[in-house]
Each structure stands twice: as C-alpha cells, then as structure tokens.
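Reviewing the structure listed below.
Every number for a ligand or one of its atoms is a count from 1 in the order of the listing. For reference, positions follow the sequence shown, starting with 1.
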Amino acid sequence: MRQMIDLSLYLVLDPDLCEPLGMVETTRRAVAGGITAVQLRHKTATTEEFIAIGKELKEVLKGTEVALVINDNVEAAHALQADVLHIGQGDMPVEEARKLIGPEMILGLSVERLDLVKQVDASQVDYIGIGPVFATPTKPDHKPAIGFDGLAEIAVASPVPTVAIGGLKAEHVAQILEAGADGLAIVSAICGQKDVTSATEEFSKLIKEARS
Ligand SMILES: Cc1ncc(COP(=O)(O)OP(=O)(O)O)c(N)n1
Ligand SMILES: Cc1nc(C(=O)O)sc1CCOP(=O)(O)O
Ligand SMILES: [Mg+2]
C-alpha cells in the first residue's frame with residue numbers, strides 16, 4: 001500500500017526563477033513557510049546533476065513530512081529513493097513508469113483535458129496535476145489554459161487526488177479549493193520571491209482558512 005502525500009501546498013522548483021537563492025535554499029525557506037511537497041523540476045539537468053541536487057534537497061527535508069517529488073527523470077527518482085515521480089502525458093506510458101519505479105513510489109501524472117482524466121488508472125497513478133489553470137510564462141510550451149471551470153470538471157471526474165497548477169497566486173487559493181482540487185502547485189509565486197518564507201506562509205494560511 002502506497003503512502004499518499006499531502007498535496008496541499010506543492011512547490012515546483014525552477015532553477016532560473018529560484019535565483020539568486022538557488023533551489024536548495026529556496027526549499028529550506030519554503031519548508032519553514034509550510035510547503036507539504038517539493039518537486040525538483042529541471043528541464044536541462046543531467047541525471048547526475050539531478051541526483052546531486054536531489055541529495056541536497058533530501059538533507060533539507062530530513063525530519064520533515066515534506067515529500068520529495070522528481071519530475072520526469074525515473075533514474076534519478078529511483079537512485080534518490082524519492083517519495084514521488086511526476087510524469088506528463090508525453091513523457092512515458094504510465095505502465096512503463098510504474099514498472100520502473102516499483103509498487104511503493106507515488107506516481108503523479110499531468111492531465112490537461114477532460115478526456116484524459118477518463119483514462120487515468122487509479123491502480124497505477126496516485127494523483128494528477130491539472131493545468132494550466134491560467135497561462136504562465138514559467139512553462140512556455142504549456143497546453144491551453146482551462147480556468148476554474150475546466151479545473152472543476154476534471155477534478156470532479158478524477159478517480160485520484162488532484163493538484164492544480166499554472167499561474168496560481170495567493171488570491172486564487174479559495175477558488176482553486178472550491179473547484180475541488182486537493183492542493184495548489186506553485187512555481188513563480190514562491191520561487192524568486194523577495195521573502196520566500198512569508199510568500200509560502202501566505203498560501204498556507206489561506207489554504208487553512210479556506211478549509212475551516
Ligand atoms: C504537479 C505538476 N503538474 C503538472 C506538471 C507538468 O508536467 P509535464 O506536462 O510533464 O511538463 P514538465 O513539467 O515536465 O515540463 C508538473 N511538472 N507538476
Ligand atoms: C510546471 C508547470 N506545468 C504546468 C501544466 O499546466 O502542466 S504549468 C507549470 C508552471 C507553473 O508555473 P507558475 O506557478 O509560475 O505559473
Ligand atoms: Mg514532464
């Protein structure tokens with residue numbers, strides 16, 4: 001039985017946006033602010049680089065409940081014994097990813113359209129990332145934005161927990177949770193902010209308020 005992670009406040013790292021602090025120090029400060037998961041997303045790193053940064057992130061996360069997610073790179077996820085591998089529709093078939101990571105690791109899958117959520121196999125996939133909710137310069141190759149209504153349609157049809165992504169800011173927290181998502185995945189509203197901890201705390205506070 002896999003141990004599901006808390007998707008509430010899911011930081012997705014970006015090496016450029018995290019400058020000048022860097023991804024490791026950004027994560028340390030975001031952990032202090034209340035993130036529940038952190039994804040190492042680095043579109044140009046080699047597997048060796050992924051593993052080296054992943055090891056540093058594991059040190060930061062030691063003794064916390066914050067889950068380590070590896071984006072795209074199965075080999076690094078395996079080597080790091082990460083909590084989670086996240087893949088997109090074009091990365092590799094879900095069955096292949098599951099075979100490579102084994103039965104224990106959590107597997108996240110990106111879902112951008114309603115027809116795709118109907119194909120999600122809950123015996124293989126543990127959560128879905130739904131987006132982009134809004135257009136975002138952080139991922140220039142993103143699919144068309146789906147808005148709150150598109151998010152709600154996919155979230156209600158999902159057989160597994162969901163995290164919303166794409167253009168999300170603190171002002172969107174209540175509507176994202178009302179739409180049925182279990183959490184928010186954030187890049188630029190935390191990475192590169194002047195005060196990473198307080199930006200994270202703001203999301204954390206609003207999530208708690210919206211759920212109370
Ligand atoms: C939580 C979460 N949701 C969606 C994505 C996007 O994944 P993908 O479509 O594979 O695109 P890349 O991030 O790999 O460029 C994600 N990374 N995380
Ligand atoms: C990594 C990623 N995936 C997306 C998707 O829609 O699948 S949008 C995105 C980037 C989100 O960045 P920001 O919080 O800065 O808008
Ligand atoms: Mg991917």
- prompt: With backbone taken as N, CA, C and O and side chain as the heavy atoms from C-beta onward, which portion of D91 lies under 4.0 Å from ligand 1: side chain, backbone, both, or neither?
  reply: side chain
- request: Decide whether an N or O pair under 3.5 Å exists between Y10 and ligand 1.
  value: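 No, no N or O pair falls under 3.5 Å.
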query: Are any of the N or O atoms of Q89 closer than 3.5 Å to those of ligand 1?
result: no
message: Quick test of your reading of the structure: of G90, S110, A185, whose heavy atom lies closest to atom 5 (C) of ligand 1?
response: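 Considering heavy atoms of G90, S110, A185, the nearest to atom 5 (C) of ligand 1 sits in S110.
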- request: For the Mg ion (ligand 3), find the closest N/O/S atom on D91 and give its atom name.
  value: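 Distance check against the Mg ion (ligand 3) picks out OD2 in D91.
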For [X], the ligand 2 atoms whose distance to one of its heavy atoms is below 4.0 Å:
| X | result |
| --- | --- |
| G167 | 13 (P), 16 (O) |
| S188 | 13 (P), 14 (O), 15 (O) |
| P132 | 6 (O) |
| G131 | 6 (O) |

In terms of atom number and element, which parts of ligand 1 are under 4.0 angstrom from non-hydrogen atoms of [X]?
| X | answer |
| --- | --- |
| G88 | 8 (P), 9 (O), 10 (O) |
| K43 | 12 (P), 14 (O), 15 (O) |
| G129 | 3 (N) |
| R41 | 12 (P), 13 (O), 15 (O) |

- prompt: Side chain or backbone of S110 under 4.0 Å from ligand 2, or both, or neither, by non-hydrogen atoms?
  reply: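 None of S110 does.
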task: With heavy atoms only and a cut-off of under 4.0 Å, state how R41 meets ligand 2: side chain, backbone, both or neither.
output: side chain
field: For atom 11 (O) of ligand 1, closest protein heavy-atom neighbour
entry: K139 NZ, 3.0 Å
message: Can you confirm, on distance only, whether ligand 2 has an N/O atom lying under 3.5 Å from any N/O atom belonging to V187?
response: yes
task: For K143 and ligand 2, answer yes if some heavy atom of the residue is under 4.0 Å from a ligand atom, otherwise no.
output: no
query: Between the side chains of H142 and T136, is a donor N or O closer than 3.5 angstrom to an acceptor N or O?
result: no
